[in-house]
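These notes are about the structure you will find just below.
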Amino acid sequence: MPIPLDTRIELVESTADCNRLLDWLERPRPVLACDTETTGLNPHTGDKLRLVQFGDATAGWVIPWFQWGGLAVEVLERWHGRRMAFHNSPFDISFIENECDYRFDWSMVDDTRAMIHVLDSTRSTALKMVGSRLIDPRASAGEMLLKNAMGVGKWTFATVPVKLPEYWAYAGVDPVLTYYLREDLLPKLLEANAMNAYQLEVACARVIASMQRTGMRVDLPYCDQMNTKLLAYGEELQAWAADRYSCRNLGSNAACIRALELEGIVLEKRTKSGKQYALDEDVLLGIDHPLSRAIHRFRKSQKLASSYFQNLLEYAVQGVVHPSINQMGARTGRMSIQRPALQTLPKTSRTVRDAFIPREGHLLYSLDCQAIEMRLLAHFAGEPSMIRAIREGKDLHTFTAQLAYGVDVPTKGQRQIAKHTGFARIYGAGTAKLSLTAGVPLDVAREFQHRYDDLFPGVRGFISRVTQVGMSRKAELGYAYVQTPLGRVQRADPGKEYALVNYLIQGTAAEVMKRQLVDLAADPDLERGLLLTVHDEILLEVSAEDPERRAELANRARVIMEDRTNFHIPIEVECSEPLTRWGDVLGVPADLVQEVNSAFYTDDEQPDSPI
DNA sequence: GTCGCTTGCCAC
DNA sequence: AAACGTGGCAAGCGAC
């Protein structure tokens, strides 16, 4: 095993150093590794490049961007057309492209973070951690030294002096580690049959970078207005509760529990850890008392204000939020989005989604994969009746309820239990959990599960096959895993082999989504309009000027996303009407929201909700 | 003051 | 036999 930490690390401080670096660049190597150090995490919200590093097996070069940025660009231009390796390419490439005119050739990019994540997503993908594991155990030592030095000097990544040896030496090791990691991981990808999954990740990376750069336009005055209203409402509720029930802080569960107990309310449910009485939404709604309702309303308004509107106000730059999209956010290959968390905006009311608006002269479209996880379940299970029903365009939950109850038109309740049972299968839930989430007695849940298994024996067979395969691999290799169609390795935690079913379905759905992004982005008209993905939904922005053209673009996107060849079931996509606000997709007229929300509680002398 | 844990809640 | 999966985020609160 090579020991990259003994490799020469050099800081560029003079024109002589520049020349030595350019000489070094002439040497033959299969790939040039590159990394950056920055002041923060988001190039679109003001964070800047500090260092650009290049490396191979022989050396790591550290270029202070402020003084010697031109040299970094010179290196990139001279190397252009040849392979480059990064560890988390969208990050470094976005930072560099944000501060100069050089444009990377994404088809030449290798990404070691994508490699490791496709092979094992259960462990840290941080470069130093992976480096210590696979290349040199001392790889994380430099990080500790830097951390100590930064603590002593009270520095952050934005302020630590470039010439501090702990800083630039730490930085210079990274491209060398990346270089060795690529060498280590490429054969492993081949061996594991995971190359297709990796290549999809690499192809997707540029789309992610593009979406981050584009960002989403936000109606700031609206956010500000909503935030102010909600905060004022919270204050009113606080004052009301303090006055009537001496409950000083509606945000403190301990204080609320004390106040409720003083009112003679007896709590029973415990929290998950069992340490305290639970006071969650379920408990609150089960208590018929004005204070309980006030706590509930306070929570809701707090949540809307602090998790959503305040974040939008905080993260917007010139009216646009550029969230951080983590392409490999979840172990299954799903993406996650933060600062702000645009994948978790409430759907119960349109209030928050109404904050998102298209750019001037544009409209939004929401493209949604229809019931993709249920469809993939049918695909993997090879369940003929399910597959037929899907092909015939039937709603799967209604179909299931029809079969299970022998009726043409199932009741809402019958469809509901069918739906919950389907999802319980996808998630690996047992009878108890199903009974809880579907809100039916244990025996009803059990009875329906039995009917479900009788109706769809393929599903049961699929689940036991997956678990079986996982277990036998565990016996052989020490860990249970399955692979998605493109080869992504999905490992189970010990004792949780049942979760492999979910990982396979969720991971495959994630692959479908990434494939869709890549295919959409291949069309320049559509790439510009890609704004966001929410697991099975893509938000697209299209010029509004010509109604025919915009409808054509939206339909083009829909057709590109659909897949009728790779699975036993069609992946079908529904396209929304053109939207002037994201909230339009929820269908509820905006002016009704106020009424609906404030009609919740009518009997208490509490302040009225502003929304 | 910061950090980490707990609790709760938003989405798919 | 039975086992719900993946995330992000805010506030309270005790420890340092």
Side-chain angles (χ1 to χ4, degrees), chain A residues 121-122 151 154 234 248-257 269-284 295-296 298-311 314-315 323-349 351-353 368-369 371-374 377 420-438 445-446 449 463-464 467 470 490 492-507 509-510 513 532-538 586:
Chain A
S121 60
T122 62
K154 290 197 162 56
R248 300 262 164 249
N249 186 354
L250 289 178
S252 161
N253 280 0
C256 290
I257 288 169
K269 185 176 169 186
R270 313 288 304 193
T271 59
K272 204 176 158 195
S273 71
K275 289 183 180 177
Q276 297 165 46
Y277 285 116
L279 197 65
D280 56 23
E281 186 169 40
D282 242 32
V283 173
L284 288 172
I295 297 166
H296 185 230
F298 180 80
R299 283 226 190 115
K300 290 280 179 199
S301 60
Q302 256 337 78
K303 176 87 182 166
L304 285 178
S306 56
S307 285
Y308 303 115
F309 292 113
Q310 279 173 24
N311 272 340
E314 182 185 336
Y315 290 116
S324 295
I325 305 176
N326 186 348
Q327 192 184 327
M328 284 148 290
R331 63 190 293 168
T332 54
R334 263 197 192 174
M335 294 180 265
S336 68
I337 298 182
Q338 60 186 149
R339 289 178 260 123
L342 296 188
Q343 288 175 320
T344 66
L345 310 181
K347 287 192 100 173
T348 45
S349 104
T351 322
V352 176
R353 282 171 141 87
D368 189 287
C369 284
I372 185 161
E373 294 196 338
M374 285 305 300
L377 177 67
H420 280 286
T421 306
F423 280 119
R425 282 286 175 260
I426 288 176
Y427 292 144
T431 311
K433 207 63 173 187
L434 172 61
S435 139
L436 211 66
T437 46
R446 191 176 300 116
Q449 280 182 313
I463 291 171
S464 62
T467 316
Q490 306 276 5
D493 295 337
K496 283 187 139 194
E497 288 76 17
Y498 66 86
L500 287 173
V501 171
N502 179 255
Y503 297 163
L504 179 53
I505 292 174
Q506 199 184 105
M513 164 61 78
L532 194 69
T533 77
V534 193
H535 306 309
D536 61 358
E537 175 189 357
I538 289 177
L586 297 174

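Just so you know, these numbers come straight off a predicted model, no measurement behind them. Here is how names work: the chains are called A, B, and so on, in the same order as the sequence lines, proteins then strands, and each is numbered from 1.
- Qualifying side chain to side chain contact (heavy atoms under 4.5 Å, CB included) partners for Glu281(A), counting only residues two or more places apart in sequence or in other chains: Leu285(A), His296(A), Lys300(A).
- Atom CG in Asn249(A) sits roughly 14 Å away from atom C1' in dT7(B) (whole-Å rounding).
- The side chain to side chain contact (heavy atoms under 4.5 Å, CB included) with Leu342(A) is formed by just one residue from the set Val534(A), Thr533(A), Leu532(A); it is Leu532(A).
- With sequence neighbours excluded, no residue forms a side chain to side chain donor-acceptor pair (under 3.5 Å) with Thr421(A).
- Residue Asn311(A) is classed as a sugar-phosphate contact, given heavy-atom separations below 4.0 Å to backbone atoms only.
- Contacts of Ser464(A) classified as side chain to side chain contact (heavy atoms under 4.5 Å, CB included), with partners at least two apart in sequence or in another chain: none.
- Residue Ser273(A) places none of its side-chain N or O atoms closer than 4.0 Å to OP1 or OP2 of dT6(B).
- You can see that DNA chain C meets the heavy atoms of chain A within a 4.0 Å-exclusive cut from dA3(C) to dC13(C), reading 5' to 3'.
- Using a 4.0 Å heavy-atom criterion, one finds that Leu279(A) contacts the sugar-phosphate atoms exclusively.
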Sequence neighbours left out, cut at 3.5 Å: what donor-acceptor pairs do the side chains of residues 428-438 of chain A make with other protein atoms?
| unit_1 | atom_1 | unit_2 | atom_2 | d |
| --- | --- | --- | --- | --- |
| Thr431(A) | OG1 | Gln449(A) | OE1 | 2.7 |
| Ser435(A) | OG | Val440(A) | O | 2.9 |
| Thr437(A) | OG1 | Lys433(A) | O | 2.9 |
| Thr437(A) | OG1 | Leu434(A) | O | 3.3 |

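- Here Ala429(A) lies in heavy-atom contact (under 4.0 Å) with a base.
- Nearer to the 5' terminus of DNA chain C, by closest-nucleotide assignment, is the contact made by Thr332(A) (compared with the other of Thr332(A) and Pro340(A)).
- Backbone-only contact: Ala278(A) has heavy atoms under 4.0 Å from sugar-phosphate atoms and none from a base.
- Here Leu586(A) pairs with Lys347(A), Arg350(A), Arg353(A) under the side chain to side chain contact (heavy atoms under 4.5 Å, CB included) rule; sequence neighbours left out.
- Ile337(A) comes within contact range of the sugar-phosphate backbone alone, with a heavy-atom separation under 4.0 Å but no base atom that close.
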What protein N or O atoms touch nucleotides 10-12 of chain B N or O atoms at under 3.5 angstrom, if any, and at what distances?
| unit_1 | atom_1 | unit_2 | atom_2 | d |
| --- | --- | --- | --- | --- |
| dC10(B) | OP1 | Lys300(A) | NZ | 2.7 |
| dC10(B) | O4' | Tyr308(A) | OH | 3.2 |
| dA11(B) | OP1 | Lys347(A) | N | 2.5 |
| dC12(B) | OP1 | Lys347(A) | NZ | 3.0 |
| dC12(B) | O3' | Asp536(A) | OD1 | 3.1 |
| dC12(B) | O3' | Asp536(A) | OD2 | 3.4 |
| dC12(B) | O2 | Arg334(A) | NH1 | 2.7 |
| dC12(B) | O2 | Arg334(A) | NH2 | 3.1 |

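- Nucleic acid contact class of Arg425(A) (heavy atoms, under 4.0 Å, all strands): none.
- Among Ile325(A), Thr344(A), Asn326(A), the one residue that satisfies the side chain to side chain contact (heavy atoms under 4.5 Å, CB included) test with Ser336(A) is Asn326(A).
- Heavy atoms of Thr431(A) sit under 4.0 angstrom from primed sugar atoms or phosphate atoms, though from no base atom.
- Every pair passing side-chain hydrogen bond (donor to acceptor under 3.5 Å, both in side chains) that includes a residue from residues 492-501 of chain A is listed here, sequence neighbours excluded: Arg331(A)-Asp493(A), Lys474(A)-Glu497(A).
- Separating the P atom of dC4(C) from that of dA11(B) is a span of 22 Å, rounded to the nearest Å.
- Among the protein residues, Lys275(A) comes within range of the sugar-phosphate backbone only, with heavy atoms under 4.0 Å from sugar or phosphate atoms but none that close to a base.
- With sequence neighbours left out, the salt bridge (Lys or Arg N to Asp or Glu O under 4.0 Å) criterion links Glu373(A) to Arg334(A).
- The nearest heavy atom of DNA chain C to Ser252(A) and to Ser307(A) marks one nucleotide each, and the one closer to the 5' end goes with Ser307(A).
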